[in-house]
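Below is one structure, written out as structure tokens; comments come after it.
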Amino acid sequence: MSLLQLEDISKKFGQVVVGEGITFQLEQGDAVGIVGPNGAGKTSLFAMISGDIAPDSGAILFDGHNIAHLSPAKRARAGIGRTYQVPRPFENMTVFENALVAAQQGARTRGQKSYDLALGALERTGLAPFANRQAGSLTLLHRKRLELARALSTAPRVLLLDEIAGGLTDLEVNELTAIIRSLRSDGIAVVWIEHVVRALLTTVERLLCLASGVVVADGEPKSVLASDAVRSVYLGGRVLETRGPNE
Amino acid sequence: MSIVTPGAKQHGAPSVRRSSTSPIYTLVGALVLVILLTMAPWIVPAQASSTLMNFFILVIMATMWNLLAGYAGMVSIGQQAFIGLGAYATLYFALKGVNPFVTIPLSTLTCAVIAVPVTFLLFRLRGGYFAIATWVVSDTALLIIGAIPFLGGGTGKLMPGLQSLSPAQTAHYSYLATWIVALVVVTGTYLLLRSRLGLVLASIRDNEVAARSAGVNVQSARRLIFVIAAAGCGAAGAVLAISQPFIQPLSVFNIQWAAEMLFVSMIGGLGTIEGPIIGSILYFVLQQTLQQYGAWYLIIFGSLAVVVALWQPRGLWGAFRERFHGELLPVGYWLREPK
């Protein structure tokens, strides 16, 4: 039984297809990267897994149970943590309180246990020195880390990371990928949407390419990137294909 | 205000405190204030204690409105529904022979019970639509109550059960009742905001989507807050009914109540406990000083609200807190490094 299993997920917004027959499985401790052009349906896929939007059809199984009807809060409590592409800190709360509410509600802990969990997440993401700062006063890097810390505080089994390295410097990206790699050794499965492919390659062992809501490639990262399907998605396949043999 | 020390954790871990300053001063200050306000009817003239009573009613209403709008993100312009229902519940129980002062908790409970089904209607709507719907609820309640002859219909009815007391006794007892309700509401709100639920509410206030993905059950937190706010406003309505013993539907269901709650919370600072109290003080000071200018005082109030909304959206208390980083009633969590 897979930890997370998507079966034939489809979703349309009017005429815009963001998911068509998406099927994939994730095992405990897996690290999967998702790439694809803008509008391919990557973030929508996360939203369907975390419950922010409902798919038109298909099933989502988490730990063998269908979670398609559960609210985002219940899914978070079940062990699906996510970060948002544009960080959404609780701006008027301190960094520690941001993590604490996730530890108390997402991981269902109380008292000292919740303090330890939240603090552990802050230490892990390097935010401990900022624990008493208002989250609204954080820089972009720290906001991204706070997204991660808050997701970790819910004690997730699957972590959905949405472009967490976007907009960061190389050094910052390296620090972040080191944290993410360390999560894998704890048995947390990571699904990571990222345009910074170099960062992805240091961390994931499997890559999925999404285009117009369809999974066009899924497999070992280097071979996925080299595949014709992915090349055609990024470089305009038709043109290359027709020109190739003729010239 | 307790200091939480790490349990069996390894030595040297940071400890979590619930306030950045010593709570002793706040505690002593609160105690002195409680004693003074309890003694007020013996100390100050009758006129002043009647003003204080109106002040307490406003503090109760504003504190409840602040929970709704400032924390749970529900802007209601129909809270007068529960002021009216609280007042009429008190009238109903008193007509049935219950001592008016005993009816206060009963009316509070009645409003809480009525609020539960109302949430199922209202929570289908968001934002502005929600606000309008609360007004509809209030007017519906007004129309229903106005159609019940036993409760005096549209003209109203005199509150029974108070005639055996002398006017001075009535005034004194209603002062104490109002003061106790205000104390319970403010203390209760403070304890609520310090609890796990307080953190949940603050997270919803700041970012609802993120709160959900952090595992917060937004809907049930909202429902609980709506019911609490209804109960609090019901209690305000009950003490109002006792202090102004002729109860008329158009006055207890007046939208003026909602306007006052909104004004006071906004001026004082939404999303803080202190805000509505500061706002209420300002409201009464302004009212006392400006009432000789007739309608002008409403214009001044309106302009003040606009100015605050534009330039100081966090209100007076928000501005104070930003500058001095002080808190009278701390609800947060502070990490302290071991010495």
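Heavy-atom basis, side chains included; hydrogens, waters and symmetry copies ignored. Here is how names work: the chains are called A, B, and so on, in the same order as the sequence lines, proteins then strands, and each is numbered from 1.
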Which atoms of B/V218 approach chain A - backbone, side chain, both or neither, heavy atom under 4.5 Å
neither

When rounded to the nearest 0.5 Å, the distance separating CG of A/N92 from CZ of B/R321 is 7.5 Å

Shortest non-hydrogen contact from A/F90 toward B/D206:
C-OD2, 3.2 Å

Any side-chain heavy atom of A/Y115 sitting closer than 4.5 Å to one from B/L335?
no

Is chain A contacted by the side chain of B/R314, its backbone, both, or neither, given a heavy-atom distance below 4.5 Å?
side chain

Could you report the tightest heavy-atom contact between A/F96 and B/V16, atom names first, then the distance?
CZ-CG2, 3.9 Å

In a check of side chain to side chain contact (heavy atoms under 4.5 Å, CB included) between B/S213 and each of A/E147, A/R88, A/R82, which one passes?
A/R82

Correct closest heavy-atom pair for B/V216 and A/A73 would be O-CB, 3.2 Å

Given the options A/E91, A/Q134, A/R110, which has more heavy-atom pairs under 4.5 Å with chain B than any of the others?
A/R110

Main-chain N/O of B/Y333 paired to A/E97 side chain as donor or acceptor, under 3.5 Å:
yes

Would you indicate whether the side-chain heavy atoms of B/L199 and A/M93 approach each other to under 4.5 Å?
yes

Heaviest contributor of heavy-atom pairs below 4.5 Å to chain B, chosen from A/T94, A/V101, A/T154, is A/V101

